Student: 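Below: one structure in structure tokens.
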Amino acid sequence: MVDKETTEFSRGSFKEKILRQLEENAAKQAETKFPDPEDFERPSRSDSEEPERKIEPRKVDLEPFKLPVFDFPAADENEEEPFVENENLPEEGDSLRQNLDGVVSEEIQNQDIPPQFSRSEPKVQNEKIEQEQFSEKKESEKMVKHQPSRRTNSPSKKTSSSKKNKNKKKKKVTAGKIIAVIVVLLVLVVGGTGWYGYNFVKSGIQPLDSKNATAKSINIPAGSSSKQIGEILQRQSIIKNGMVFQYYTKFKNYSEFKSGYYNLAPNMSLSTIASKLEEGGTEKPVAPTLGKILVPEGYTLTQIAKAVTVNSGSNEKNAKTPFSEADFMKTVQDSTFIAKMVKAYPKLFASLPTKDSGIKYQLEGYLFPATYDYTKSSTVESVIENMIQAANTQITPYYDTIAQKNLTVNEVLSLAALVEKEANNDDDRRNVAGTFYNRMNAGMTLGSNLSILYAEGKLGEKTSLSEDANIDTNLDSPYNLYANTGFGPGPVDSPSLSSIKAVLDPAQNDYLYFVADVTTGKVYFAKNLDEQNANVQKYVNDKISS
């Protein structure tokens, strides 16, 4: 019955939606029937009344709503066309609603409704239908307004998908950056921690103060662990870190630490301290050392006097001791001090030459060459006495041997002093000592240049080869062993224990002469004067002239 054609639509999706909805509404209306008049009882009429008029309900045929078919161009799926909502698009829903309302209203008005039938009910029914249609059309209008056309639908989906992909990529990139930053931070933290730990341990191993040699008396109680010892040393300002000391000693397998008192200084390394702790301390505290004095083998008293002014235990260049050269030389020549030492060490000084024997210095050769510590309470006298005490200690095992050989301590020291300067190794020392004995047994003088240089005050000083070769053998001095027989008045330097042993146990040989190569120091021995002259020419004169 609906003959009106709706306004043309430009949206294929809307056409299909409206067609499906109208077909459903038409089917519902077809099922709707008006009440049959026969079903109502009419009042009886008399014959005089007008004949009954029969009103047949008019059947409303609602044909399915037909929309014109439109041919739309096929949408290009690859074409990306941004959706733009057309606000000026005609509202087809409103036009369709008006047409439908007009059709329905016209049909209902043309029907003859019986008087007994209430017109309100069909009206309500019609209003319900209109409301349903209106709501459905409104929904379709919203879809038309907000849904893109088929032409733009595919690009919109593609755009949405690409946006999602871009968002995912952005999230992945952001997450990757965060992870990279975290990894870099972790690497920096680990690297920084390792570098700090390395520097911490390296610094802890080094001495606390390499320039501070001032020792302290440190007490290590019995049963102390390496951790406790480290804490004590750190608290006493001997080391930098007790924990580093603990792990260092374990790593280096220092474990057998002994209790006692130790004199330790801030300039000591951890290995030095650990070694001292393994050696053991003293039962009672000993005054800490302030420094060291080094007396080399073969030094004369004048050389030792200079040595006592130098602190050899300090890392500082030209570090000094509190002692002076003048005080040292004054003390070694002091008769009161010498008498005190003779009384303290009777065996050592039993054959000490008297002052009027022509001796240059009475204590020459009696100060043993070694390294000596000095403390805050040390004096020049105490330092010299320590050297005399060391000589007595070293020679004590040989006092009986000296007596058995009909020798005196002064003779042994005098000969040993010459051997010390003439030879460079133990074999040469024993051969030189044997040669000296052979010469004395043959009634010859010792013929040593060293004693003349000593008498001239040149021994220990830097001299040229020419000066050494052209010494004055006619010098009027008891130290002229070219003119005087025997051992000489006394030692010319402080001999080492090796030279003393060589004199007490000389090599058995037939040599009467020897000469040292002026360039290498190697000693060449000869049994007669011709061999000696040839050696002197070859190893001395030729090299001096060249």
Side-chain angles (χ1 to χ4, degrees), residues 297-298 338-339 341-369 387-423 426-452 454-455 477-514 523 525 527:
E297 299 167 343
I338 294 173
M341 295 298 100
V342 170
K343 186 176 180 180
Y345 307 97
K347 286 188 176 182
L348 179 64
F349 294 113
S351 57
L352 183 68
T354 60
K355 210 169 187 181
D356 57 358
S357 63
I359 195 77
K360 193 172 184 178
Y361 300 111
Q362 281 184 282
L363 295 182
E364 185 75 78
Y366 286 85
L367 278 60
F368 193 77
M387 297 178 184
I388 293 171
Q389 182 182 12
N392 181 68
T393 301
Q394 295 295 327
I395 300 174
T396 295
Y398 305 100
Y399 283 140
D400 293 340
T401 304
I402 293 171
Q404 291 173 2
K405 290 182 175 289
N406 295 320
L407 297 173
T408 65
V409 173
N410 190 64
E411 291 174 339
V412 171
L413 291 177
S414 296
L415 193 59
L418 297 175
V419 170
E420 184 69 35
K421 290 291 188 179
E422 297 285 5
D426 289 344
D427 289 338
D428 284 348
R429 291 187 182 102
R430 294 184 70 238
N431 281 315
V432 168
T435 302
F436 280 143
Y437 280 118
N438 292 337
R439 290 176 66 89
M440 285 191 292
N441 292 335
M444 302 171 63
T445 62
L446 295 182
S448 174
N449 293 0
L450 298 174
S451 60
I452 296 178
Y454 177 78
S477 171
Y479 288 98
N480 185 352
L481 297 182
Y482 280 92
N484 302 302
T485 59
F487 296 92
V492 296
D493 59 56
S494 294
S496 65
L497 184 61
S498 297
S499 295
I500 294 172
K501 288 180 178 180
V503 171
L504 295 175
D505 184 23
Q508 300 300 318
N509 56 52
D510 298 330
Y511 301 133
L512 293 174
Y513 304 94
F514 63 84
V523 180
F525 297 91
K527 295 180 181 180

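Keep in mind that what you see is a predicted model, and the values were worked out from it rather than measured. When reading the values below, keep in mind they use all heavy atoms of this one structure, side chains included, and skip hydrogens, waters and symmetry mates.
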Student: Distance-only, no hydrogens or angles: does the Asp426 side chain make a donor-acceptor pair with backbone N or O of Ala502 under 3.5 Å?
Tutor: no
Student: Give the minimum heavy-atom separation between Ala416 and Ser499, together with the two atoms involved.
Tutor: O-CB, 3.5 Å
Student: Heavy atoms only: give me the nearest Ala423-Val523 pair and the separation to one decimal.
Tutor: CA-CG2, 4.4 Å
Student: Between Ile395 and Ile402, what is the shortest heavy-atom contact and its length?
Tutor: CG2-CD1, 4.1 Å
Student: Going from OG1 on Thr354 to CD1 on Ile359, what distance comes out if it is rounded to the nearest 0.5 angstrom?
Tutor: 9.0 Å
Student: Compare every heavy atom of Pro506 with every heavy atom of Gly434, then report the nearest pair and how far apart it is.
Tutor: N-CB, 3.7 Å
Student: Calculate, to the nearest 0.5 Å, the distance between atoms CG and CZ belonging to Leu413 and Phe368 respectively.
Tutor: 10.0 Å
Student: Determine the minimum heavy-atom distance between Met440 and Leu446, stating which atoms define it.
Tutor: CG-CD2, 3.6 Å
Student: Please list, chain by chain and in numerical order, all residues satisfying side-chain contact (heavy atoms from CB on, under 4.5 Å) with Asp427, sequence neighbours excluded.
Tutor: Asn425
Student: Using only atom types and a distance under 3.5 Å, with no angle test, would you say the side chain of Asn438 pairs donor to acceptor with the backbone of Asn509?
Tutor: yes
Student: OG of Ser494 to CG of Leu367: how many Å apart, nearest 0.5 Å?
Tutor: 6.0 Å
Student: Sorted by first residue and then second, give each salt bridge (charged side-chain N to carboxylate O under 4.0 Å, His left out) pair with at least one member in residues 482-509; sequence neighbours left out.
Tutor: Arg430-Asp505
Student: Consider side-chain contact (heavy atoms from CB on, under 4.5 Å). Of Leu481, Thr408, Leu407, which one does Phe487 pass it with?
Tutor: Leu407
Student: Does Arg429 offer a backbone N or O that forms a donor-acceptor pair with the side chain of Glu422 under 3.5 Å?
Tutor: no
Student: Any chance you could lay out the side chain to side chain contact (heavy atoms under 4.5 Å, CB included) test for Val503 and Tyr437, step after step, and finish with the verdict?
Tutor: CA-CA 9 Å; Val503 171; Tyr437 280 118; 3.3 Å; yes
Student: For the atom pair CD (Gln362) and CE (Met341), what is the distance rounded to the nearest 0.5 Å?
Tutor: 13.5 Å
Student: Evaluate side chain to side chain contact (heavy atoms under 4.5 Å, CB included) for Phe525 paired with Asp428, printing each intermediate quantity in order.
Tutor: CA-CA 10 Å; Phe525 297 91; Asp428 284 348; 4.2 Å; yes
Student: Would you call Leu418 and Phe436 a side-chain contact if the rule is heavy atoms closer than 4.5 Å?
Tutor: yes
Student: Is there a side-chain contact between Thr445 and Arg439 (heavy atoms, below 4.5 Å)?
Tutor: yes
Student: Within 45° of the six-membered ring axis of Tyr479 and under 6.0 Å from that ring's centre, is NZ or CZ of Lys360 located there?
Tutor: no
Student: Calculate, to the nearest 0.5 Å, the distance between atoms CE and OH belonging to Met444 and Tyr482 respectively.
Tutor: 11.0 Å
Student: Is there a side-chain contact between Leu363 and Phe349, using heavy atoms and a 4.5 Å cut-off?
Tutor: yes
Student: If you look only at pairs with a residue in residues 341-352, which of them pass as a salt bridge (charged side-chain N to carboxylate O under 4.0 Å, His left out), with sequence neighbours excluded?
Tutor: none
Student: Where is the tightest heavy-atom contact between Ser414 and Gly488, given as atom of each residue plus distance?
Tutor: OG-O, 4.4 Å
Student: Is a donor on one side and an acceptor on the other found under 3.5 Å between the side chain of Lys421 and the backbone of Gly298?
Tutor: yes
Student: Say you draw a straight line from OH of Tyr398 to CD1 of Ile500; how long is it, rounded to the nearest 0.5 Å?
Tutor: 8.5 Å
Student: With sequence neighbours excluded, tell me which residues meet side chain to side chain donor-acceptor pair (under 3.5 Å) with Asn406.
Tutor: none
Student: Go through the structure and list residues passing side chain to side chain donor-acceptor pair (under 3.5 Å) with Tyr366, not counting sequence neighbours.
Tutor: Asn410
Student: For Tyr399, enumerate each residue passing the side chain to side chain donor-acceptor pair (under 3.5 Å) test, keeping only those at least two apart in sequence or located in another chain.
Tutor: Asn392
Student: Any side-chain to backbone donor/acceptor pair from Tyr511 onto Lys527? Under 3.5 Å, distance only.
Tutor: no
